[in-house]
Each structure stands twice: as structure tokens, then as C-alpha cells.
2 protein chains.
Amino acid sequence: MNLDKFDLAILKVLQENARASLNDIGTAVGLSSTPCWNRIKRMEAAGVIRGYTVDIDPASLGFMDTVIVHVTLESHSEETLYEFGRALAAIPEVLEAFLVSGDYDYYIRIAVRDTRDYERLLREQLYRIPGIRHSKSCFVLRRLKETMLPLTGPVG
Amino acid sequence: MNLDKFDLAILKVLQENARASLNDIGTAVGLSSTPCWNRIKRMEAAGVIRGYTVDIDPASLGFMDTVIVHVTLESHSEETLYEFGRALAAIPEVLEAFLVSGDYDYYIRIAVRDTRDYERLLREQLYRIPGIRHSKSCFVLRRLKETMLPLTGPVG
DNA sequence: AGTGAAAAGGCTTTAAC
DNA sequence: GTTAAAGCCTTTTCACT
């Protein structure tokens, strides 16, 4: 799908506030509300916009720490990789899971209550998944940037 | 701030669709729209809800690959760490940046157009930041889980 | 605390340019 | 592909439980 500068501008507004009204979006991008609405519906239908979500403060939910875990598996068969991914997806504390190239097989980011909760999670959840060989963790000391796609560049 | 099961249920609905109407939210959680509205405003004011954002398909924007980069710095002084973080935050392709404990100093996730774009980004952007010593990259082969906070557990 | 109704405002559609 | 206007649905307020 071809996105012009108005589409990108609309996405940028929605990225900052997904509940912005069509009037506000229109004012921000220099259009009236109707074309904005049409463009949004078009992007939703085309799968450019996958959905709208809320940004929740992890600490408010009791998750005081973020841990990044690197995992290697016993086998690299498609079945093992798939099964491991499915098991990870079922753990709510697992925020992100990526199958990666290189020294490790999976990169995972988890939200934990505290260090004891981290230890429990590793022992009772992660190491109970069949196929896991080894893991290596690092605690996040500071978060510097939120996850937002760049809306300038390749298609801008 | 104390969150009860209704608050968590509301967050869950918003996490799946941040543009859900108050009526739909109310129906889903078993309340009328007014208390839902009050609870949402309260959570916004308390910083539990940090904002609402849109989930955009990276491929639609021309970003076909995701790369995870681990970085070590020359110095671990507060100034170097801070300056590096500031420079990272200014690169739109950098989706996430975490200051971490362990073997590496920064963990970064970047969106790239293709392998050439990755090479360009590394050379022209990342390695031009003062203080960088070494980096190690791995390409994401498959993304298994989206970033969503678990809404059961510690406070549920 | 929650409910339900009423007012104010925004969303969605139709039609015209 | 854009603007303007009409009807409808949602948000927001208020009175009551």
C-alpha cells in the first residue's frame, strides 16, 4: 500500500494519541475530518494499522523491574522452535519474544515484580519449558526510548 | 495507586482496543459507562495510563527487518551513558533502548529497510555516536509476542 | 461507591464541488 | 480527492440510589 505524507502525518498523530478526535487529527495534518477518516479506514483495512492500544505504566501494576533474557535451545528443529515460542507466548510476564540469528535462539523481555519474582519466573516457568538449554539474563537499569516506529525515512 | 479487578478489566479491554467506546467497555467489564469513565480518568491522572497509541505494521512503512544490537561503551561514567542514550533517542529507527547490567551496556532494537539499510545505519548513525566501543547484532527471524503488560498476577 | 437519563460534542455518512 | 452539512452515536455531566 502506498502511503503519502498525509497518511504518515495521521499515523504520527495517532501514535502520540490514539484517541485523538478526527477534528484534532485534521487540524494537525492540514485536512478536514472526512479525508482523515477515509485514510484511517483505508489503512485499517490494508493492515497498516493493526490496532490501537494503551500504554500502561509497568510500576503501577507492580512490575518494578524489566529483565532481558537470552535463551539457547537443545535443538534447532522447526518443531522445537515453534513449541518454545508457543510456551513463551502463554506466559503473561513475557512482554516480547524474538527468534533471532546468532549466538542465541530467543531474545525475551520480561516484566518482574522484584528479583525474587524473577528467580521464581525463571525456575517455575522458563526452565519448565521443554527444549531449553541455557539462558543468560540482564536487568534493565534504565529505559531510554519507547517503542514507536519511525514515521520519517524509507517511505517519507 | 490501588487497582481493583474492574480497573484491570478496563485496562485489558483498552489494551486490545484503545478506541473501544465506554458502552462497550462497560458491557465487557460489567459496569455502566459512567464508572468506567471515572476509573479511566482516575488512572490517567495517576499515571497508570500513560497514553494511547497505534500499532502499525512495520513492513507497511518499508521496514522489513528488525535488528537487535548490543553495545559496549568506552566509559561507564554517568555522562557517557547519558549522552549515548540521548543520541540513540534521536535516531528514529531506534525503537527501543535499554541501559542494562551485565556484559553489555545498551540493548537496542532497530527497524531497518533491508540489510544494506542496516549497514548504513550502523556506519552512519550508531558508530558516529562518541563513546561507542563495540557492538554486536542479531537479526530477528520471527516475532512471537507483542509488547503487552500482563494484567493478571501481582495486582490481580 | 454505581445507575440512568439528558446535554454537549464528535463520529460517520451523504451529497455537492 | 476535497469540503460542508445532517443524523447518529459517544462522551460527559448531573441528579438520584
Side-chain angles (χ1 to χ4, degrees), chain A residues 1-57 59-62 148-156, chain B residues 1-57 59-62 148-156:
Chain A
M1 180 180 173
N2 253 17
L3 300 172
D4 64 14
K5 63 170 184 168
F6 287 117
D7 293 318
L8 291 174
I10 289 169
L11 290 176
K12 203 162 195 170
V13 173
L14 287 174
Q15 215 172 38
E16 275 156 29
N17 178 18
R19 299 201 75 148
S21 78
L22 286 173
N23 274 338
D24 291 347
I25 297 169
T27 305
V29 308
L31 290 172
S32 64
S33 64
T34 308
C36 289
W37 184 83
N38 284 325
R39 285 161 179 275
I40 290 169
K41 290 297 153 195
R42 201 161 41 89
M43 289 191 283
E44 285 174 356
V48 176
I49 293 176
R50 294 194 286 207
Y52 304 92
T53 190
V54 63
D55 178 17
I56 302 168
D57 171 39
S60 297
L61 292 175
M148 284 208 178
L149 291 168
L151 296 179
T152 51
V155 289
Chain B
M1 180 179 172
N2 252 18
L3 301 171
D4 64 13
K5 63 169 184 169
F6 287 117
D7 293 317
L8 290 174
I10 290 168
L11 289 176
K12 205 162 193 169
V13 173
L14 287 175
Q15 215 172 38
E16 274 156 30
N17 177 18
R19 302 198 73 145
S21 76
L22 287 171
N23 272 338
D24 292 346
I25 297 169
T27 305
V29 308
L31 289 173
S32 65
S33 62
T34 308
C36 290
W37 184 83
N38 284 326
R39 284 160 180 276
I40 290 169
K41 290 298 153 194
R42 201 162 42 91
M43 290 192 281
E44 285 175 356
V48 177
I49 293 176
R50 293 195 286 206
Y52 304 92
T53 190
V54 63
D55 178 16
I56 303 168
D57 172 38
S60 297
L61 293 175
M148 283 208 177
L149 291 168
L151 295 179
T152 52
V155 290

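Small disclaimer: the values here were computed from a predicted structure and weren't measured. Chain letters run A, B, ... following the sequence lines, proteins first, then strands; residues in each count from 1.
- Checked against D:dT10, C:dC11, C:dT3, the side chain of B:P35 finds its nearest nucleotide in C:dT3.
- A donor and an acceptor atom never sit less than 3.5 Å apart when one is taken from the side chain of A:S33 and the other from the base of C:dG10.
- DNA chain C contains the following stems of three or more consecutive Watson-Crick or G-U pairs, with both distances under 3.5 Å: C:1-17 with D:1-17.
- The closest side-chain heavy-atom distance from A:V48 to A:D7 is not below 4.5 Å.
- Taking atom CD1 of A:I25 as the reference point, atom C1' of D:dT2 lies 17 Å away to the nearest angstrom.
- Rounded to whole angstrom, the span from the CD1 atom of B:I40 across to the P atom of D:dT10 amounts to 14 Å.
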Give the intermediate values and the outcome of side chain to side chain contact (heavy atoms under 4.5 Å, CB included) for residues B:I49 and B:L11. CA-CA 8 Å; B:I49 293 176; B:L11 289 176; 3.7 Å; yes
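- Between A:W37 and C:dT12 there is a side-chain N or O to OP1 or OP2 distance below 4.0 Å.
- Proximity of A:D24 to A:N17: side-chain heavy atoms (C-beta onward) are nowhere separated by under 4.5 Å.
- In this structure, the NZ atom of A:K41 is 19 Å from the C1' atom of D:dG1, given to the nearest Å.
- Nearest nucleotide to the A:L31 side chain, out of D:dT12, D:dT2, C:dT3: D:dT2.
- Within 3.5 Å, no donor on the side chain of A:S32 pairs with an acceptor on the base of D:dA4, nor the reverse.
- Contact of the B:D4 side chain with the B:R39 side chain is registered, since non-hydrogen atoms from C-beta on lie closer than 4.5 Å.
- The distance from the CE atom of B:M1 to the CG atom of A:L61 is 10.5 Å, given to the nearest 0.5 Å.
- Note that CD1 of B:I10 and CD of B:Q15 are 13.5 Å apart. Values are rounded to the nearest 0.5 Å.
- Across the protein-nucleic acid pair, A:L22 atom CG and D:dT11 atom C1' stand 14 Å apart, rounded to whole Å.
- Taking atom CG on B:N23 and atom C1' on C:dG2, their separation rounds to 15 Å, with Å as the unit.
- Phosphate proximity of D:dT10 to B:R19: absent, as no side-chain N or O sits under 4.0 Å from OP1 or OP2.
- Comparing atom distances between the B:T34 side chain and each of D:dT13, C:dG2, D:dT10 picks out D:dT13 as nearest.
- Rounded to whole Å, atom P of D:dG1 lies 9 Å from atom CG of A:D4.
- A:L14 has its side chain within reach of B:R19: a pair of non-hydrogen atoms, C-beta onward, lies under 4.5 Å apart.
- Remark: B:R42 is not in phosphate contact with C:dA1, judged by side-chain N or O atoms under 4.0 Å from OP1 or OP2.
- Look at B:R39 and you won't find any side-chain N or O under 4.0 angstrom from OP1 or OP2 of C:dA1.
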